[in-house]
Protein chains: 2
Amino acid sequence: MANQTSDKVNTVLQAGDLELLRTSSLTGAVEKELEHLILTGELKPGERLNEIRLSNRFGISRGPLREATRSLAARGLLDVVRNRGVFVRSISVKEALEIYDLRAAIFGLAGRLLVDHVTDEMLATLNDYLQRMDALAEQRNFDDYYPTNLAFHDHLIGATGSASLVNEYHGLVDRLHLCRAKGLVQAGGLAVSNREHREMVDSLAAGDKLRAQEAFFRHVERSKRRFEMAAEADAREDEEKRDGR
Amino acid sequence: MANQTSDKVNTVLQAGDLELLRTSSLTGAVEKELEHLILTGELKPGERLNEIRLSNRFGISRGPLREATRSLAARGLLDVVRNRGVFVRSISVKEALEIYDLRAAIFGLAGRLLVDHVTDEMLATLNDYLQRMDALAEQRNFDDYYPTNLAFHDHLIGATGSASLVNEYHGLVDRLHLCRAKGLVQAGGLAVSNREHREMVDSLAAGDKLRAQEAFFRHVERSKRRFEMAAEADAREDEEKRDGR
DNA sequence: CCGTATTTGTCCGTATGTATG
DNA sequence: ACATACATACGGACAAATACG
């Protein structure tokens with residue numbers, strides 16, 4: 001009856017990883033698993049999550065599964081529609097732009113806060129990051145550039161010492177992955193000029209809070225603009241496809 | 001057996017409001033109810049939520065109740081401790097200060113965004129708020145000042161047109177209520193000089209993004225500082241009580 | 001537009017393990 | 001060490017809403 005799709009579903013993940021996940025509650029483990037599936041795109045925006053099939057696949061009952069989905073819904077990764085089910089959240093370009101702004105504001109706050117935490121050692125570490133990224137960019141080694149860039153940002157965020165800030169920031173980044181135009185998000189993050197990074201670190205070294213906040217803020221705003229342009233180009237393509245052909 | 005506490009619990013809320021809440025799912029209705037109980041302080045920070053008693057009190061089964069609590073936990077209003085239960089989240093002064101910073105950053109973003117949305121009509125409305133608050137402050141009519149002040153801020157936040165920003169901001173404000181020193185939070189918000197409000201509106205009228213962002217940001221930072229001072233005074237008091245007496 | 005199959009929402013009973021005094 | 005209370009998780013059940021032919 002329901003075999004047409006259940007096969008496909010069963011291939012995505014095998015049951016039995018329970019042992020590993022037993023560290024926390026079942027609900028928590030399933031939540032992490034689902035989160036992973038969503039963020040990696042194995043579950044795509046708009047896709048529906050069938051309660052029974054999913055619980056069978058994880059080898060659990062519907063209770064913990066439902067609890068996990070409500071939690072993910074509250075975190076903005078799933079949509080729960082009454083009597084219809086839960087869907088992977090799909091965020092519009094408009095919403096993505098809003099999230100970029102929030103991210104800019106929080107990243108800007110990170111810059112402002114970091115001015116009070118700056119040490120010579122930290123500056124050395126950051127300059128090290130800059131040099132590595134400069135080198136990778138010159139070699140056009142994008143595969144290594146991307147994770148280094150990520151680590152650089154995570155390092156900055158974490159160095160604020162504010163757990164709340166870290167949480168909030170990552171929540172926003174996660175939600176950005178739910179944009180249908182996910183590729184565009186990555187593209188926006190890649191084409192970063194190292195001049196922006198240098199200005200960020202320099203403003204920290206200068207101990208100028210406002211300058212740092214603005215440098216950090218603008219850095220995110222620029223990737224927002226790149227995303228925006230890519231999204232517009234994308235929309236134009238679709239339009240041509242519909243009109244022309 | 002469990003009657004010692006169940007009486008008290010049963011008095012807090014009666015079952016039967018189901019009809020009103022039937023608009024959404026039971027889970028959603030219970031979540032709203034619990035949220036209300038938490039934010040009004042009827043359920044206090046650190047307090048434990050007994051699954052069975054609560055479900056009896058609401059006249060529902062434990063399933064929806066658990067789903068509601070997981071959702072509230074994801075939103076930072078409850079803590080779920082494995083095999084021990086769920087507790088109303090209790091945030092430390094340190095965490096409250098972190099949240100103030102985030103709120104400042106997002107409120108600052110609101111100011112920055114509003115510069116692009118300013119209309120004569122909006123400025124008229126805002127000036128109207130300012131005049132009313134001036135009058136109330138002069139009369140020392142704090143009971144009316146407080147909600148007007150709240151409405152003023154909500155109006156600003158909403159006028160950005162960014163639903164994501166509104167959500168994020170309110171999430172932070174909600175969490176701030178979970179500080180044991182909740183009274184201090186309110187005290188911090190009350191003693192607002194209207195000069196700050198005027199500078200905010202003026203910077204919007206001037207169309208200066210950076211100035212607006214900074215005015216909005218500092219406005220929150222100042223109430224953070226007031227909260228901080230009150231918290232320190234509070235801590236000193238406790239210390240004296242322990243040492244002296 | 002109608003009838004059927006599917007799926008969700010909710011309840012209940014129960015077994016098991018864990019924390020607490 | 002023991003007993004109690006409680007949270008976790010399971011499975012079955014059924015009504016109601018929804019999706020589908």
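Throughout, protein chains are lettered first and strands after them, A, B, ... in sequence-line order, and every chain is numbered starting at 1. Because the structure is predicted, anything quoted here is derived from the model rather than measured.
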Below the 4.0 Å mark, does dT8(C) have OP1 or OP2 next to a side-chain nitrogen or oxygen of R48(A)? yes

Looking only at side-chain N and O atoms, does T27(B) come under 4.0 Å of OP1 or OP2 in dG9(C)? no

Between dT14(C) (P) and I52(B) (CD1): distance, integer Å: 15 Å

State, with a plain yes or no, whether a side-chain heavy atom of L34(A) is found less than 4.5 Å away from one of F58(A). yes

Can you tell me how far P of dT8(D) sits from CG of L26(A), to the nearest Å? 11 Å

Short question: side chain of K44(A), backbone of G41(A) - any donor-acceptor pair under 3.5 Å? yes

With sequence neighbours excluded, residues passing side-chain contact (heavy atoms from CB on, under 4.5 Å) with N50(A): I52(A), R53(A)

Testing the basics here: between A73(B) and V80(B), what is the closest heavy-atom pair and its distance to 0.1 Å? CB-CG2, 3.7 Å

Ignoring hydrogens and angles, state whether a donor on the side chain of D174(A) or H170(A) is under 3.5 Å from an acceptor on the partner side chain. no

Quick one: which protein N/O atoms are closer than 3.5 Å to N/O atoms of nucleotides 18-21 of chain C? Pair and distance per line, please.
unit_1	atom_1	unit_2	atom_2	d
dT20(C)	OP1	R84(B)	NE	2.8
dT20(C)	OP1	R84(B)	NH2	3.3

Checking all strands, does E51(A) fall into the base, sugar-phosphate, or nothing category for heavy-atom contacts under 4.0 angstrom? sugar-phosphate

Where the side chain of N50(B) is concerned, which of dT8(D), dT8(C), dC6(D) is the nearest nucleotide? dC6(D)

Cation over ring, R112(A) on F217(B), under 6.0 Å and within 45°? yes

NZ/NE/NH1/NH2 to OD/OE distance under 4.0 Å, E95(A) and R175(A): no

Send over the distance from N56(A) CG to dC10(D) P, rounded to a whole Å. 12 Å

In this structure, is the centre-to-centre distance between the rings of Y169(B) and H153(B) below 6.0 Å? no

Short of 4.0 Å, heavy atom to strand atom, which residues of residues 61-74 of chain B count as contacting DNA chain D? R62(B), R66(B), R70(B)

Quickly, which of R66(B), R48(B), R70(B), E51(B) forms a side-chain contact (heavy atoms from CB on, under 4.5 Å) with V86(B)? Name it, please. R70(B)

Residue I60(A), side-chain heavy atoms: nucleotide from dT10(C), dC6(D), dC10(D) that is nearest: dC10(D)

Counting Watson-Crick and G-U wobble pairs only, both distances under 3.5 Å, name the nucleotide matched with dA5(C), or none. dT18(D)

